[in-house]
K.L.:
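One structure coming up, written as structure tokens, with questions to follow.
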Amino acid sequence: MKLELCCPTLFGLEGIVADELRFEGKLDTVRAENGRVFFSGDERTLAWANLNLRCAERVLVHLGSFPAASFDMLFEGVRALPWEDFIPVDGAFPVKGHSLNSALHSIPDCQRIIKKAAVQRLAQAYGAAWFEETGARYQIQFAIMNDRAELYLDTSGAGLHKRGYRANANLAPLRETLAAAMVKLARWRGRDAFLDPFCGSGTIPIEAALIAMRRAPGLLRTFDAEKWTCFDAGIWKDVREEAVARILPDTAFEINGSDIDPENVRLSVDNARKAGVLQTVRFDQADATRITYAGREGVLLANPPYGERLLDLQSAERLYGAFGRASAGTALRQYIISSDPAFERFYGRKADKRRKLYNGMIKCDLYMYFKPDGAKKQPQEPGAKK
Ligand SMILES: C[S@@+](CC[C@H](N)C(=O)[O-])C[C@H]1O[C@@H](n2cnc3c(N)ncnc32)[C@H](O)[C@@H]1O
């Protein structure tokens, strides 16, 4: 079946997801927009994307797009879509979505109209008046923007950041899709050392290990569309087997995570075990401001406390300063995500490059230091005038 597919992404990650599809999925129909990436393919493409994409939030089938300035237009547009090609007579088809800058702004009303239109279409197709909805889930998603509706079916179920290894999380975990994107932005592929000295629940080192081992991020979980009767279940089996066959057996990567809190170190070990990468990553308890960074090479990628959730801003800035002094002069390429606009001043060095990223709703920058660290300034003391 030929399918128009769409992956929503965190803002700032559209290009990275497009590259995953182009270079790893070998697709040539990829188009990135604000917060989403469109591509086309078939059931195999859809299964591959769910299992292998590291930085996308979901995989949706794009069913149609039409003007929807009134409930009548919305109803007729939805009723015209071929729901029966996907949803069987016992399928459950809940509706969710959002609306922006549009006359139709009441989400419950839009949900009700869309449901009614889909029911009417299916009633006609199956000659049924009532749907029990006891079978697999076919989540309908809508987005109405500037009076135009887009209708989708969600093939993923739980968001793709839910890899299945992080049942436990500390207070401020980084979304797995963002952690994987940062490893890609650091261009780390397993050839040199990797270090996260603020590892929390271990997300960054675990995602780095999954990338180094070429282990597909979705291998531990299932996806809604695996149960869809419109697709051949054999395809999912094949795609899973191909993903397993690609895993590198080699565990000789130098990946380290550490955290000051021993409970977080235990959590990271637990999560790495669940992720199947415990042989590949080593976790220790350590104060990041007391680690010796001099003489080390490779990549340091970290998500220190922001001062919004874990510590107040002043303690976070004091920590950036102490961390900056400890890592001064290192040959490690450093990639640090922070929502503090004054991060560079406290860390003591202007980044070679910055990249805007969103950690959930928090606007952050990834501060990248990859040039040799000859002319490093002394970090500013906390409390000093900004
Ligand atoms: C924002 S969290 C990291 C979250 C992590 N990326 C994850 O996905 O779970 C920051 C972490 O820094 C740790 N931390 C705070 N001060 C530290 C220090 N001086 N040395 C090492 N770790 C520290 C905290 O215990 C916390 O786990």
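Count residues from 1 along the sequence. Remember, it's 1-based here, ligands and their atoms both numbered in the order they're listed. Everything quoted here is computed from the prediction, not taken from an experiment. Note: hydrogens, waters and symmetry copies are ignored here, and every other heavy atom, side chains too, is used.
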K.L.:
Under a 4.0 Å N-O cut-off, is there an ion pair linking R282 with D284?
P.N.:
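Between D284 and R282 there is a salt bridge, with a charged N closer than 4.0 Å to a carboxylate O.
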
K.L.:
With heavy-atom distances below 4.0 Å as the criterion, list the atoms of ligand 1 near S201.
P.N.:
7 (C), 8 (O), 9 (O)

K.L.:
So which bit of L319 gets within less than 4.0 Å of ligand 1, heavy atoms only: side chain, backbone, both or neither?
P.N.:
side chain

K.L.:
Are any of the N/O atoms on I260, whether in the backbone or the side chain, positioned under 3.5 angstrom from an N/O atom of ligand 1?
P.N.:
yes

K.L.:
Under a 4.0 Å threshold between the charged nitrogen and the carboxylate oxygen, would R31 count as salt-bridged to E33?
P.N.:
yes

K.L.:
Applying the salt bridge (charged side-chain N to carboxylate O under 4.0 Å, His left out) criterion to E176, which one of R54, R166, R163 satisfies it?
P.N.:
R166

K.L.:
Do D259 and ligand 1 have an N or O pair less than 3.5 Å apart?
P.N.:
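So ligand 1 has an N or O lying under 3.5 Å from an N or O of D259.
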
K.L.:
Looking at N303, which atoms of ligand 1 are within less than 4.0 Å of one of its heavy atoms?
P.N.:
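In order of numbering, the contacting atoms are 1 (C), 2 (S), 3 (C), 4 (C), 5 (C), 6 (N), 10 (C).
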
K.L.:
Would you mind telling me if ligand 1 is within reach of the side chain of P197, the backbone, both or neither, using heavy atoms under 4.0 Å?
P.N.:
backbone

K.L.:
Quick check on contacts: which atoms of ligand 1 are under 4.0 angstrom from a heavy atom of T203?
P.N.:
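Close to T203: 7 (C), 8 (O), 9 (O).
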
K.L.:
Tell me if the aromatic rings of F223 and W236 count as close, with their centers under 6.0 Å from one another.
P.N.:
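Between F223 and W236, the centre distance is under 6.0 Å.
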
K.L.:
Counting only heavy atoms, which portion of D287 has something under 4.0 Å from ligand 1: side chain, backbone, both, or neither?
P.N.:
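D287 to ligand 1: contacts from backbone and side chain alike.
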
K.L.:
Does this structure show an ion pair linking R137 with D154, if we count only N-O contacts that are shorter than 4.0 Å?
P.N.:
no

K.L.:
Ring-plane angle category for Y347 and F323, please: parallel below 30°, perpendicular beyond 60°, tilted otherwise.
P.N.:
tilted

K.L.:
Which atoms from ligand 1 have a heavy atom of A286 less than 4.0 Å away?
P.N.:
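Listed by number with element, the hits are 20 (N), 21 (C).
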
K.L.:
Identify, by atom number and element, the atoms of ligand 1 in contact range of C199, meaning under 4.0 Å from any of its heavy atoms.
P.N.:
5 (C), 7 (C), 9 (O)

K.L.:
Checking the N or O distance criterion of under 3.5 Å, is ligand 1 in contact with A288?
P.N.:
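N/O-N/O distance below 3.5 Å exists for this pair.
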
K.L.:
Could you check E207, K162, E57, H161 and say which one makes a side chain to side chain donor-acceptor pair (under 3.5 Å) with T177?
P.N.:
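Only one of E207, K162, E57, H161 forms a side chain to side chain donor-acceptor pair (under 3.5 Å) with T177, namely E57.
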
K.L.:
With a cut-off of under 6.0 Å to the ring centre and 45° to the axis, is K115 in cation-pi contact with F93?
P.N.:
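Checked: cation-pi criterion met.
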
